Amino acid sequence: MPKPKVDGALLQLGSLPGNGHDRPMWVDVMNEIAYLAFVTDATRVISYRQPVNSLLRSRGVNLDGHSMSHYDMGPRREASQTRDRCQSELLAHLIERLKQTREPDGSSLFDHTSVALGTNIRTIHYLDNCPTLLTGGGAGIKLGQHIVMRDEKTPLCNVWLTLLNGVGVNAKSFGDSTGVIEELRT
């Protein structure tokens, strides 16, 4: 079956603001490439690490991502909030594009996509309680909820195992997973 062709009107790179030093613009470019890869079925999986230090500098923050992770009240926490706000805005734009794109059956591309934004580390160098945002209908997860794991030792890999199972990969384990997260399943 031939892959779908992308109408040049879908490509919104030319309308992006900024210049070569505007790092949020480059995250938008990467999001647009991811979007086009999904629309054309060029890939089913994309993993991308955002340039946190560049994002911070573009917002006038002169801390690097590592220093910022050791925050207390004050400039480091404010830097963290600035990063979170910027990344959230960029992600919201990608999600909106996925929602606006209609599939032949009338559903949206968002309905068939799973999007995860998070980190493998919390503040300082703690590996527990990692904040992770999951959305999209592609892995059959319940949307619109905030889950706090009761067992503080629940590994982040349990999230990835749950998503893998949700997209039909019947893996028994992934990394240091100990099982799926039932609260996520529909």
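FYI, side chains are in, hydrogens and waters are out, and symmetry mates aren't considered; it's all heavy atoms of this structure. Numbers here are sequence positions counted from 1. These numbers were taken from a predicted model, which means no experiment stands behind them.
Put simply, the side chain of L109 reaches to within 4.5 Å of the side chain of E103, judged on heavy atoms. Contact annotation: the side chain of H112 approaches that of D105 to within less than 4.5 Å [non-hydrogen atoms, C-beta and beyond]. Using a 4.5 Å heavy-atom cutoff, the side chains of V115 and L98 are in contact. Counting only heavy atoms from C-beta outward, the side chains of R150 and E183 approach each other to under 4.5 Å.
N31 places no side-chain N or O within 3.5 Å of a backbone atom of L94 that could act as its donor or acceptor partner. Although no hydrogens or angles enter the test, the distance criterion places no donor-acceptor pair under 3.5 Å between the side chain of D111 and the main chain of G137. Looking only at distances, a side-chain donor or acceptor of S114 sits under 3.5 Å from a matching main-chain atom of A139. Looking at S88, its side chain does come within 3.5 Å of a backbone N or O of D84 through a donor-acceptor pair. A donor-acceptor pair is defined here as one N or O able to donate and one able to accept, closer than 3.5 Å; such a pair exists between the side chain of T82 and the backbone of E78. Side-chain atoms of E32 never come within 3.5 Å of backbone atoms of V27 as a donor-acceptor pair (strictly under, hydrogens ignored).
No side-chain donor-acceptor contact under 3.5 Å links T162 and N165. Between the side chains of R83 and S80, a donor-acceptor pair is found at a separation under 3.5 Å.
Taken to the nearest 0.5 Å, the CG atom of L133 stands 10.0 Å off from the NE2 atom of H146. We find the CD1-CH2 distance between I181 and W160 to be 9.5 Å, quoted to the nearest 0.5 Å. The distance from atom NZ of K172 to atom OG of S177, rounded to the nearest 0.5 Å, is 11.5 Å. Note: Q100 CD to Y35 OH = 8.0 Å, rounded to the nearest 0.5 Å.
For the side chain to side chain donor-acceptor pair (under 3.5 Å) test with T178, the passing option among T154, D151, N158 is N158; the others fail.
Closest of all the heavy-atom pairs between D28 and H93 is OD1-CD2, 3.2 Å. Looking at every heavy atom in both residues, F38 comes nearest to V45 through CE2-N, 4.3 Å. Smallest separation of non-hydrogen atoms from T40 and L36: OG1-O, 2.8 Å. When all heavy atoms of C157 and G175 are compared, the pair lying nearest together is SG-CA, 4.0 Å. T135 and I141 get closest at one heavy-atom pair: N-CD1, 4.4 Å. Contact between M149 and I147 at its shortest, heavy atoms only, is SD-CG2, 3.7 Å.
Using a cutoff of 4.0 Å between basic side-chain nitrogens and carboxylate oxygens, R44 and D41 are scored as salt-bridged. Look at E182 and R185 and you find a salt bridge, because one of the NZ, NE, NH1 or NH2 atoms lies within 4.0 Å of a carboxylate O, short of that distance.
Cluster annotation: L163 is connected to L143 through the hydrophobic network of ILVMFWY side chains, with a link wherever side-chain heavy atoms come within less than 4.5 Å.
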Kindly determine whether L117 and T132 satisfy side-chain contact (heavy atoms from CB on, under 4.5 Å), including the steps that lead there.
CA-CA 6 Å; L117 175 68; T132 307; over 6 Å; no
